[in-house]
Every structure is written in structure tokens, then in C-alpha cells.
Amino acid sequence: SAPAATNHVASSAAPSSAPATTNHVASSAAPSSAPAASTNHVASSAAPSSAATSNVQNTGSVTGLATSLANNTIPYVWGGKTPAGFDCSGFVSYVFQHAAGISLPSYTVAMESYVNKESVSAAQPGDLLFWGTPGATYHVGIYLGNNQYASAPTFGQNVKVQTISSYFYPSFAGRVK
């Protein structure tokens with residue numbers, strides 16, 4: 001338990017020296033002792049990276065989980081749908097299922113029917129970016145904002161954050177319905 005009565009950190013990680021705040025961070029691996037009057041809760045299936053600096057990984061959001069996975073060494077695997085290895089659509093499906101409870105198919109063309117199409121310039125964080133013509137897309141990623149996206153690129157590369165480039169510019173974007 002942290003030094004202040006209103007700050008409780010429960011985690012499977014080593015104890016932290018979290019400052020006095022009203023945030024309560026709990027990992028699914030350990031029970032929380034948060035008081036009933038608390039208003040801010042961040043729950044995560046992964047242990048927080050640093051409760052002391054408020055850099056708790058927000059795995060409850062699509063962009064938070066996508067970024068967190070991209071910061072690990074997860075290889076591209078054709079047909080991969082788990083953190084042991086992802087292909088592009090398996091990565092997107094996994095992130096939306098685990099961060100937002102939304103089931104998306106593991107095939108780019110099928111994913112197209114789950115979004116409201118928009119221009120790439122209109123994309124907002126959490127939207128999908130598609131490469132290829134509608135009905136024949138061959139790659140998908142998750143837009144993170146600031147001209148960056150997360151995806152499982154191709155054989156020999158790990159899941160990563162990339163910058164949108166004129167050399168590999170998405171064909172269109174889509175907001176999940």
C-alpha cells in the first residue's frame with residue numbers, strides 16, 4: 001500500500017513508491033484495496049509500468065494497447081492473432097477485442113464493412129488505416145495521431161509504431177462503427 005490513505009496500488013509487480021494521489025491502480029493479478037469513495041480507477045491486465053510518475057499504460061484504450069504492444073518484441077507471423085505473433089489484421093482484431101470489447105474479423109477486406117470510411121486526413125486516434133482499394137485491401141493499421149500508426153508490418157519485422165509516409169501512404173481510413 002502506498003503512503004497516503006487515498007492512494008492504493010495493487011499489482012503483481014514490485015511495490016512502487018507512488019506519490020499521494022486520488023488515482024487507484026489495480027492489476028487483475030492482485031486484489032485492490034481501494035476505498036468506496038474513490039473516483040479514478042485504472043484497471044489493467046498488465047502491471048503498471050510506473051505508478052510513481054502517472055505513466056500507467058492505458059491498456060483500456062485502443063491506442064494505449066496498440067502502443068504498448070508495439071513497444072514489445074512481437075514478431076510478424078502470417079495468420080498470427082496473439083502476442084506470440086501477429087499479422088496486420090490479427091493485430092488490429094486483438095487490440096479492439098482486448099481494449100474495447102469489439103470483435104473484428106481477422107481479414108482486411110472483411111474489416112472494411114465494420115468501419116465508416118473516411119479520408120486519411122480525417123483520421124482520428126483509434127481509427128483504422130487501410131492500404132489498397134476498397135474491396136481489395138492488403139494492409140491495415142491503427143492510427144495513433146500525430147501522423148503515426150501501429151501495425152504488424154511484414155515478415156522479418158516486429159509490431160511497431162510507424163510514421164505515415166508518401167512512399168507507403170494509406171488508401172483510406174475508417175472509424176469502427
Side-chain angles (χ1 to χ4, degrees), residues 11-13 26-30 42-50 55-177:
S11 172
S12 60
S27 169
S28 62
V42 177
S44 172
S45 60
S49 60
S50 173
N55 288 335
V56 175
Q57 303 250 339
N58 184 2
T59 57
S61 77
V62 168
T63 57
L65 180 56
T67 302
S68 179
L69 291 168
N71 287 327
N72 288 288
T73 306
I74 300 173
Y76 177 93
V77 174
W78 177 258
K81 299 176 185 179
T82 71
F86 289 115
D87 67 7
C88 65
S89 57
F91 171 72
V92 169
S93 295
Y94 181 92
V95 169
F96 272 84
Q97 181 63 53
H98 289 86
I102 298 171
S103 294
L104 295 175
S106 294
Y107 176 53
T108 60
V109 174
M111 278 185 188
E112 293 177 36
S113 65
Y114 286 74
V115 303
N116 291 317
K117 290 179 180 71
E118 60 193 8
S119 68
V120 174
S121 63
Q124 296 294 313
D127 289 352
L128 302 185
L129 299 176
F130 290 91
W131 284 258
T133 57
T137 51
Y138 59 87
H139 188 61
V140 65
I142 300 170
Y143 185 64
L144 302 174
N146 298 320
N147 213 33
Q148 295 190 311
Y149 65 97
S151 74
T154 189
F155 293 102
Q157 295 185 29
N158 293 324
V159 172
K160 62 184 170 181
V161 172
Q162 296 176 276
T163 300
I164 293 174
S165 158
S166 60
Y167 298 103
F168 189 60
Y169 196 80
S171 305
F172 63 94
R175 185 154 302 136
V176 175
K177 298 176 188 177

S.K.: Please give me the minimum heavy-atom distance between Ser113 and Lys177, naming the atom from each residue.
M.R.: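 Heavy atoms only, the tightest pair is O-NZ, 3.2 Å.
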S.K.: Please verify the inter-ring angle class for Phe168 with Trp131; under 30° counts as parallel, over 60° as perpendicular, anything in between as tilted.
M.R.: parallel
S.K.: Leu69 vs Tyr94, test: side chain to side chain contact (heavy atoms under 4.5 Å, CB included). Steps then yes/no.
M.R.: CA-CA 10 Å; Leu69 291 168; Tyr94 181 92; 3.9 Å; yes
S.K.: Measuring only between side-chain heavy atoms, which start at C-beta, is Phe96 closer than 4.5 Å to Leu128?
M.R.: yes
S.K.: Just how far is it from atom OG1 of Thr63 to atom OH of Tyr143, taken to the nearest 0.5 Å?
M.R.: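 If I round to the nearest 0.5 Å, the distance is 11.5 Å.
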S.K.: Stepwise, does the side chain to side chain contact (heavy atoms under 4.5 Å, CB included) test hold for Lys117 with Phe130?
M.R.: CA-CA 10 Å; Lys117 290 179 180 71; Phe130 290 91; over 6 Å; no
S.K.: Kindly give the heavy-atom pair with the smallest separation between Ser93 and Met111, and that separation in Å.
M.R.: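 Heavy atoms of Ser93 and Met111 come nearest at OG-CE, 3.3 Å.
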S.K.: Going through the checks in order, is the side chain to side chain contact (heavy atoms under 4.5 Å, CB included) test met by Val77 and Phe86?
M.R.: CA-CA 5 Å; Val77 174; Phe86 289 115; over 6 Å; no
S.K.: If we only count heavy atoms from C-beta on, is the Val115 to Arg175 side-chain gap below 4.5 Å?
M.R.: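 No, side chains not in contact.
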S.K.: With side chain to side chain contact (heavy atoms under 4.5 Å, CB included) as the criterion, how do Ser151 and Gln162 come out once you've worked through the C-alpha distance, each side chain's angles and the decisive distance to 0.1 Å?
M.R.: CA-CA 8 Å; Ser151 74; Gln162 296 176 276; 3.3 Å; yes
S.K.: Can you establish whether the number of heavy atoms outside Asn146 located under 6.0 Å from its atom CG is more than 12?
M.R.: no
S.K.: Check Ser103 against Gln97 and note the closest heavy-atom contact, atom names and distance.
M.R.: OG-OE1, 2.6 Å
S.K.: Taking the side chain as every heavy atom from C-beta outward, state whether Ile142 and Leu129 have any pair of such atoms under 4.5 Å apart.
M.R.: no
S.K.: Would a 4.5 Å heavy-atom cut-off, applied to side chains only, mark Asn158 and Ile74 as touching?
M.R.: no
S.K.: Under 3.5 Å, side chain of Asp87 to main-chain N/O of Trp78, donor-acceptor pair present?
M.R.: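 No, Asp87 side chain to Trp78 backbone: no donor-acceptor pair under 3.5 Å.
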S.K.: Could you tell me if the side chain of Thr108 sits less than 4.5 Å from the side chain of Tyr138, heavy atoms only?
M.R.: no
S.K.: How close do Ala173 and Ser119 get, counting heavy atoms only, and between which atoms?
M.R.: CB-O, 3.7 Å
S.K.: Taking all non-hydrogen atoms of both residues, which atom of Cys88 and which atom of Ala152 are closest, and how far apart?
M.R.: CB-O, 3.6 Å
S.K.: Just by modelled atom types, is the Tyr76 backbone N or O under 3.5 Å from a matching donor or acceptor in the Gln157 side chain?
M.R.: no
S.K.: Find out whether Lys160 and Pro153 are in side-chain contact, i.e. whether some heavy atom of one side chain is under 4.5 Å from a heavy atom of the other.
M.R.: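 In short, these two side chains touch, coming nearer than 4.5 Å.
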S.K.: Pro170 versus Ile164: any side-chain heavy-atom pair under 4.5 Å?
M.R.: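 Answer yes - side chains close enough.
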S.K.: Side-chain contact, heavy-atom cut-off 4.5 Å: Val159 with Asn72?
M.R.: no
